[in-house]
Amino acid sequence: MLKFIRSTSLKVICLILVLVCVGFCFAFPHKVDTAKNMLIAFYFIQKGDKQYANQDLIGAINYYQRALAHYPYHAKANYNLANILAVYEDYISALNYYEKAVLYKPKFMNARIALGILLSEHFFEYDRAIKEYDTSIKNAPFTASLSLT
């Protein structure tokens with residue numbers, strides 16, 4: 001009898017979970033689409049990261065652009081794409097992607113520093129570059145070190 005109750009309760013719990021999931025899909029269809037787009041984007045980002053690591057920059061560009069078409073709010077994908085475009089000297093596009101990276105993740109220190117470098121070296125916008133450097137310094141995590149000498 002105890003075995004029957006255990007197997008039946010497991011089936012009931014699974015059925016309830018399935019019904020809740022189906023109800024969620026009907027109640028919030030836009031959330032399901034967003035989640036689907038995020039999963040697709042993360043797949044392309046992972047593929048782009050592999051291409052980037054293997055120095056296949058054209059392949060990485062293609063995967064990152066496909067990922068950002070599905071989910072444009074991924075800061076690291078914007079940052080990596082900007083880095084690659086800067087290598088190819090497409091500074092205007094790189095600037096656009098660096099700005100998106102810091103927009104979506106304001107405390108992204110590497111993106112802010114790269115944006116500052118790009119602004120100062122290629123666009124000669126020194127004031128804006130200094131603001132990016134200052135912001136990255138203010139957002140830097142606090143580290144303390146003790147020297148016992």
Side-chain angles (χ1 to χ4, degrees), residues 10-149:
L10 180 63
K11 290 176 185 176
V12 169
I13 291 171
C14 289
L15 179 63
I16 290 170
L17 286 174
V18 167
L19 290 175
V20 167
C21 290
V22 169
F24 182 82
C25 291
F26 282 112
F28 305 104
H30 61 284
K31 298 268 187 195
V32 174
D33 287 338
T34 302
K36 180 186 76 168
N37 284 335
M38 285 177 68
L39 285 173
I40 293 168
F42 289 165
Y43 169 75
F44 287 133
I45 290 167
Q46 186 261 344
K47 298 288 272 184
D49 289 344
K50 281 187 178 179
Q51 297 295 327
Y52 194 22
N54 292 331
Q55 299 295 317
D56 179 10
L57 300 183
I58 299 297
I61 288 172
N62 292 331
Y63 280 122
Y64 287 137
Q65 286 177 336
R66 289 172 71 181
L68 293 173
H70 288 281
Y71 185 69
Y73 310 108
H74 197 280
K76 186 76 188 278
N78 280 293
Y79 172 71
N80 286 347
L81 185 55
N83 287 338
I84 295 168
L85 292 171
V87 168
Y88 283 112
E89 298 180 0
D90 184 359
Y91 299 122
I92 294 172
S93 297
L95 178 70
N96 180 37
Y97 287 109
Y98 281 135
E99 287 173 339
K100 287 180 183 179
V102 298
L103 175 67
Y104 302 137
K105 189 175 178 184
K107 292 186 177 184
F108 195 168
M109 191 174 185
N110 290 346
R112 285 208 181 270
I113 291 170
L115 176 59
I117 291 169
L118 190 67
L119 286 169
S120 64
E121 289 185 0
H122 299 287
F123 293 98
F124 308 108
E125 294 184 27
Y126 301 113
D127 292 336
R128 199 167 148 213
I130 290 170
K131 286 180 186 176
E132 293 299 331
Y133 296 138
D134 285 341
T135 304
S136 67
I137 291 169
K138 288 176 187 172
N139 290 333
F142 176 74
T143 56
S145 62
L146 296 174
S147 176
L148 303 173
T149 57

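The first residue of the sequence shown is numbered 1, and numbering continues consecutively from there. What you are looking at is a predicted structure, and each value in this text was computed from that prediction instead of being measured.
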Scan for ring pair (Phe, Tyr, Trp, His ring centres under 6.0 Å) pairs involving residues 113-140, sequence neighbours excluded, and state none if there are none. Y91-H122
Taking atom CG of L119 and atom CD of E99, what is their separation to the nearest 0.5 Å? 7.0 Å
Could you name each residue pair satisfying side-chain hydrogen bond (donor to acceptor under 3.5 Å, both in side chains) that touches residues 54-63, not counting sequence neighbours? none
Could you list the donor-acceptor pairs under 3.5 angstrom formed by side chains in residues 38-51, with sequence neighbours left out?
residue, atom, partner, partner atom, Å
D49, OD1, Y64, OH, 2.4
D49, OD1, N80, ND2, 3.4

Return the minimal non-hydrogen interatomic distance between P106 and N139, and the atom names on each side. O-ND2, 3.5 Å
Partners passing side-chain hydrogen bond (donor to acceptor under 3.5 Å, both in side chains) against Q65 (at least two apart in sequence or in another chain): none
Walk me through whether Y88 and I61 qualify under side-chain contact (heavy atoms from CB on, under 4.5 Å). CA-CA 11 Å; Y88 283 112; I61 288 172; 4.0 Å; yes
To the nearest 0.5 Å, atom CG of L115 lies from atom CD of E125 at 9.0 Å
For D90, the side-chain hydrogen bond (donor to acceptor under 3.5 Å, both in side chains) test, sequence neighbours excluded, returns S93
Looking at NE2 of H70 and OG1 of T34, how far apart are the two atoms once the value is rounded to the nearest 0.5 Å? 13.0 Å
Using the ring centroid of each side chain, check whether Y79 and F108 are separated by less than 6.0 Å. yes
For a quick test of reading the model, state the closest non-hydrogen atom pair linking A75 to K105 and the distance between them. CB-CB, 3.6 Å
Among pairs that include at least one residue of residues 110-121, which meet side-chain hydrogen bond (donor to acceptor under 3.5 Å, both in side chains), considering only residues two or more places apart or in two chains? R112-E132
Heavy-atom closest pair (A86 atom, A94 atom, distance to 0.1 Å) is N-CB, 3.9 Å
Could you check whether atom CG of D33 has more than 12 heavy atoms from other residues, nucleotides or ligands sitting under 6.0 Å from it? yes
Reported CG-to-CG distance for the pair L85 and L57, which is rounded to 0.5 angstrom: 10.0 Å
How long is the span from the NE2 atom in H74 to the NZ atom in K100, to the nearest 0.5 Å? 14.5 Å
Separation between OH of Y97 and CD1 of I84, rounded to the nearest 0.5 Å: 11.0 Å
Heavy-atom closest pair, residues P72 and N78: O-ND2, 3.2 Å
